[in-house]
Q: 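Have a look at this one before I ask anything.
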Protein chains: 4
Amino acid sequence: MKRKIRMGMVGGGPGAFIGNVHRMASRLDGKIELTCGAFSNSLAKCKSMAEGLFLPEEKCYASYEEMFDKERKLPLGERMDFVAITTPNFMHFKIAMAALEKGFHVVCEKPMTFSLDEAIALRKKVQESGLLFVLMHNYSAYPMILQMEKMLADGKIGRIRKVIAEYDLGWLAAPNAGKQATWRITPEKSGIAACVSDIGTHAAHLIEFTTGLKIKELAADLSTFVEGRVLDDDATILLRFDNGARGLIEVSEVACGEENRFNFRVYGSEGCLEWNQQEPENLVYKTNDAAMKVLRRGWAELDSSVDKYTRLPAGHPEGFLEAFANIYSDFADAVVAKLENRVYESSFPTVEDGVREMNFIKKVVESSNKNAAWMALEKI
Amino acid sequence: MKRKIRMGMVGGGPGAFIGNVHRMASRLDGKIELTCGAFSNSLAKCKSMAEGLFLPEEKCYASYEEMFDKERKLPLGERMDFVAITTPNFMHFKIAMAALEKGFHVVCEKPMTFSLDEAIALRKKVQESGLLFVLMHNYSAYPMILQMEKMLADGKIGRIRKVIAEYDLGWLAAPNAGKQATWRITPEKSGIAACVSDIGTHAAHLIEFTTGLKIKELAADLSTFVEGRVLDDDATILLRFDNGARGLIEVSEVACGEENRFNFRVYGSEGCLEWNQQEPENLVYKTNDAAMKVLRRGWAELDSSVDKYTRLPAGHPEGFLEAFANIYSDFADAVVAKLENRVYESSFPTVEDGVREMNFIKKVVESSNKNAAWMALEKI
Amino acid sequence: MKRKIRMGMVGGGPGAFIGNVHRMASRLDGKIELTCGAFSNSLAKCKSMAEGLFLPEEKCYASYEEMFDKERKLPLGERMDFVAITTPNFMHFKIAMAALEKGFHVVCEKPMTFSLDEAIALRKKVQESGLLFVLMHNYSAYPMILQMEKMLADGKIGRIRKVIAEYDLGWLAAPNAGKQATWRITPEKSGIAACVSDIGTHAAHLIEFTTGLKIKELAADLSTFVEGRVLDDDATILLRFDNGARGLIEVSEVACGEENRFNFRVYGSEGCLEWNQQEPENLVYKTNDAAMKVLRRGWAELDSSVDKYTRLPAGHPEGFLEAFANIYSDFADAVVAKLENRVYESSFPTVEDGVREMNFIKKVVESSNKNAAWMALEKI
Amino acid sequence: MKRKIRMGMVGGGPGAFIGNVHRMASRLDGKIELTCGAFSNSLAKCKSMAEGLFLPEEKCYASYEEMFDKERKLPLGERMDFVAITTPNFMHFKIAMAALEKGFHVVCEKPMTFSLDEAIALRKKVQESGLLFVLMHNYSAYPMILQMEKMLADGKIGRIRKVIAEYDLGWLAAPNAGKQATWRITPEKSGIAACVSDIGTHAAHLIEFTTGLKIKELAADLSTFVEGRVLDDDATILLRFDNGARGLIEVSEVACGEENRFNFRVYGSEGCLEWNQQEPENLVYKTNDAAMKVLRRGWAELDSSVDKYTRLPAGHPEGFLEAFANIYSDFADAVVAKLENRVYESSFPTVEDGVREMNFIKKVVESSNKNAAWMALEKI
């Protein structure tokens, strides 16, 4: 490959949080360059963003439709190779379908779509297209999560018995939580759930990703603590897994005082593993009969598969952006492989995970509406 | 008062864990002396224990009945003032009833009795007797828990929305977990629950003690992970409180690798408070708009009511025994007040808490038997 | 042995910090009882203290001389077996000499004496008397320090290269630091040093105790930050050891904001060990080629010699008083052995350590007076 | 500005650690693009590096001289704007002098030069040239360090009394520590010091940067623990400051088991501030009379000047690369301002800091050679 992979972006206009994260993360490893964008519904805002990004004026598009149309006509190497979709989730489906239709690979923010039906349709489209589709569950790309996944697969804690994922933030503790929050708590934009959709899906994905188990049944108790809201801002969800293990997802966006407390632990018959997103360089490994170990990113004896997802020696902290960049880096490698007709095995989230997460949201809401009745999370 | 309070003990024979804890804790502040005991069903073991404790031979009794009978005949100042009951819980009721019958105050290990019915009968007896009865929920006597209780009562985190108590141990992760464990997992000795009874009650008590809220409804999912066991060794319990708050109790004794991880946090409309039993000197206080604070035991600005429950300056760690001793110290003051006909207000657990905990156990098991159906925890 | 060991106390009157610590620690394990005291120069204060301790009036003595005289005339089993000296250090020598003269074993607070000359004379007296003498360097009795000592002796970190002990408190940050502080900064009562004497000696002792190395040379830079003081309130001391290792003692009592931050780490050719007094249950063990380990008190695989110095299972925090009590417990065992004509090997600080610490203080002050010139710490 | 700033690089060939760090950090914010390089003495290696970076063949230069010559002939906007010097330090001077001679701004790795004389000459050149020169002391660009600097300047801990910087790594604990290590312990390449030069300079710089104090005198004890080495691999340095404060630098590269433990704390008359590089999102703020505070990156009430040096909300960890990128981002803004003839005030390290650090190295070695005699660190 003689050039960087070319990225277009939909969303991520002025003031957007996650759009800028995608841009920083995609830059970090020097494999990808942002070459065009439809950053905003407002052309003025879109242009202002493009200018700040040093994009030529003609690469700033008024709409994603225009972007896809014009870019597809450019020769390979001049046109964008893939699109990053960073809009609110109610728009993901249309944009992703259009991108695939026009032959572009897709990086899509989570939750994947607005509804389960959309997710199923999108999966069909991805399968038919033969194109690459990555769902941005960035937490699954932290090096110590990858290490955790390996250790669990290798039976380092024996048979898994219990899984606990807690994800608490305080940002929606007050009624007026700012622009970033508004669409997330509006049913027309967020869908049938808010907190469960925004962070519950991260928890559910991380659980299934690291343990390899599938949630078989769930019972959910959703709450709305802030007056005037119609969607959930807090949830507790009991889980049962296909291997007989039990689990728990506790999520809240009204956990006043918490920044981004995402704690995750797995107990097995022989030991446990624990990871905290706010101290992501550590993986705590405990058993009943040996000293507690703290495995650290960069340590020589981590599984060799983790090496490519770490950039610095131990003790030089990597964080959120670096994990995010791992997905971009892996995706770029996958795109190159595709261009070169090579097989490439990625370990990151797919459209299948997206279908699963939309089903998760649906069943959580149904369960809560039935006063936390158990719902099966069948394969779809 | 010109003398120490005189304690008798039932249980706490050779090899017992909690009996020795009671002895150490009761010694610490020099207010109490152990003067007699019925430490074991085996008189030989009882005598060996008494000898190690430098008790005169005649103060080692073959049974609690004999102890109560003989001690009551001694004049005040020579007889024991109270009994500490440190046997497995299936024996608590009979012993406590007998002690009260004979006019002795009682310190009783938790869970209070074998069944709710026993608890109700015991409460009646305590009320009729006018004697003192303390239920040993030692975690409620950590200084930073007392501080937490004060701050919650003072509205430092606003209106309480969510309460999370997690208590995980690994000691029963394997089938054969030693003598201390055996009675706890045997229905004839432990009752209808094991893990819920042993540590779930600590969690439930701590929640109600610190928040002042009452659990109104619960839905419980109990598990038995180790083959051959008949009682629960793990549980997750959803909670709803009388003020509309939600909560969660997660407890496990098969959490392989955990020592005594009892984590407790409370979220309100204005902030949160968090305490971890393994780092008991800290109380973490967070809000959305100020720097995170770590309140430390011994710090000058703690609530003045906490002062009497701390012995050392900040930075000189106090721990489990010191918290345990706080209940004994407070109890000794109450006994002295009683002897001197003074009113004394104690803040520690009572027979009422015991009734409540036995009802909690009952409803948790009923809920789990109905596949985690919601059960009301009515006032009894 | 059919009875508890009988303790007399000199010092520890109303308001004293360390006297009460000695009383609590000596009670904890039920091997020792306080039977008499000369708690204060004021007989009224002494009596008030005795009353609070439930001592009979005749066991409250107006002076230590009177106490020693009268107690020695009592038969064994009625007289005190040993004296705990908890006065300011300028009084230690006279009291200890008198106690030994009258045939009592001694537990003595640190620093041992007022001057090196006194220390040498006291050592001679101890040796001649054949009596027991323990110097109260309580930090050396934390279980994880004992574990550290074992691991260093066993070569777990290879050849020791560097030793760092930092002990920082904020309590003397302001000019007026209260009664407890006054004597410590007064030359007539504290001696030639204050901060170095009060906590520098703890650091020096812990270093030599755990590593088995001897400080060979030192260069010290003492400071007095608070105006009006004549003695040091802060010091940094470079160390060289007999095996070629280097080291560092950094101590301050004007480290505003610190509670009792005593951090200690040792680096060797193969790894390091680190311990922090404020989290005393952990011993961190790191090497370059394996995961970081956190050894915890109560963990099954600690050296078996540590077992007798721990009372609770892992995860049930022990602290400062428990470590302090370890020295009392060990001392009580030594006294019993003496009474029974058995040999008993104690590992805790002796009069020899006291001579060494007084020489340390002397050389530190001399070095600082010569602008941090190197001084040999020869064997005395 | 309609384009990104154009960077050339000297050094940073295959396998180099810090060169790649510079590339990643310079990419992160999208203000800078790497457009050319003389990455290695070996043209083959240089070309291989350039290819991996998607640079056109003609932008890969055989030597820095060639690069400077050819680039200077290109028009502005096509030529490089600045050079990043990431070679071993014995080459810095020649390269930097040549770059300035040819009119390029410079980003230079630390330590700035091989000797103090070179540093003085380089300073003269920078001053004459009117060009920008940044010395890469990346630790000074962590957001919480910038916050610390502000709080110290604002007197939040009162008058500074004591400063402690400890920087310990284990990477040179064994004789053969790999290629990255070799030049650092070779006098011909590293200069008169190794450990002091590599990390002692970071400590000295961070101290002066955050406190605003100047080191007035120092006394240093250097060690070489690994046999066969000629330069220091460990050092302890006593400091005295111009305001009367005292300090301590402890650095080691044979601290076996440590990753990149750079701990920094400052004590004042009213409180203290502490920062640890391995947990860089926290700044611990303690006083004697208020609860301990942990200020966190991203928290709303940090000094507003810090805002531009943070990219993510609190709880989304930023790390080493983000701090490194802060210097690049600030430097890019300075270059743009220069191009647009605007005044721009940067807070990051300059050639003046480089002169100071080379004098520091010189005096440390002189002191150690005189057995830790005090040396004045006069202004040069």
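Any value given below was found using the heavy atoms of this structure, including those in side chains, with hydrogens, waters and symmetry copies removed. Below, chain A is the first sequence line, B the second, and so on; all start at residue 1.
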Q: At a 4.5 Å cut-off on heavy atoms, which part of N20(C) comes close to chain B: side chain, backbone, both, or neither?
A: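 N20(C) has no heavy atom closer than 4.5 Å to chain B.
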Q: Of the listed residues (L321(B), N260(B), L169(B)), which shares the most heavy-atom pairs with chain C below a 4.5 Å separation?
A: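 Heavy-atom pairs under 4.5 Å are most numerous for N260(B).
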Q: Go through the atoms of R23(C) and report whether side chain, backbone, both or neither lie under 4.5 Å from a heavy atom of chain B.
A: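 Neither part.
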Q: Apply side chain to side chain contact (heavy atoms under 4.5 Å, CB included) to residues D29(B) and M24(C) and explain how you reach the verdict.
A: CA-CA 6 Å; D29(B) 294 308; M24(C) 290 188 284; 4.2 Å; yes
Q: Within residues 322-337 of chain C, which residues come under 4.5 Å of chain B, heavy atom to heavy atom?
A: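 Hits under 4.5 Å: E322(C).
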Q: Donor-acceptor pair, Q277(B) side chain versus G315(C) backbone, under 3.5 Å?
A: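 Pair found, side chain donor or acceptor close to backbone of G315(C).
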Q: I'd like to know which of R27(B), R296(B), E318(B) tops the heavy-atom pair count under 4.5 Å against chain C.
A: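 Highest number of heavy-atom pairs under 4.5 Å: R27(B).
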Q: With a 4.5 angstrom heavy-atom cut-off, which part of R311(B) approaches chain C: side chain, backbone, both or neither?
A: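 For R311(B), backbone and side chain are both near chain C.
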Q: Is the NZ atom of K293(B) crowded by more than 12 outside heavy atoms at less than 6.0 Å?
A: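 No.
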Q: Would you mind reporting whether P313(B) and F320(C) have side-chain heavy atoms less than 4.5 Å apart?
A: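 No, too far: nothing below the 4.5 Å cut-off.
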Q: Assess whether atom NZ of K4(B) is packed by more than 12 heavy atoms of other residues, nucleotides or ligands within 6.0 Å.
A: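 For K4(B), atom NZ is crowded (more than 12 foreign heavy atoms under 6.0 Å).
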Q: V21(B), L312(B), L34(B): which one forms the most heavy-atom pairs within less than 4.5 Å of chain C?
A: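 Of the options given, most contacts go to L312(B).
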Q: Please classify the contact of F17(C) with chain B as side chain, backbone, both or neither, using a heavy-atom distance under 4.5 Å.
A: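 Side chain only.
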Q: Sort by residue number and list every residue of residues 44-58 of chain B having at least one heavy atom under 4.5 Å from chain C.
A: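 The residues closer than 4.5 Å to chain C, in numerical order, are E51(B), F54(B).
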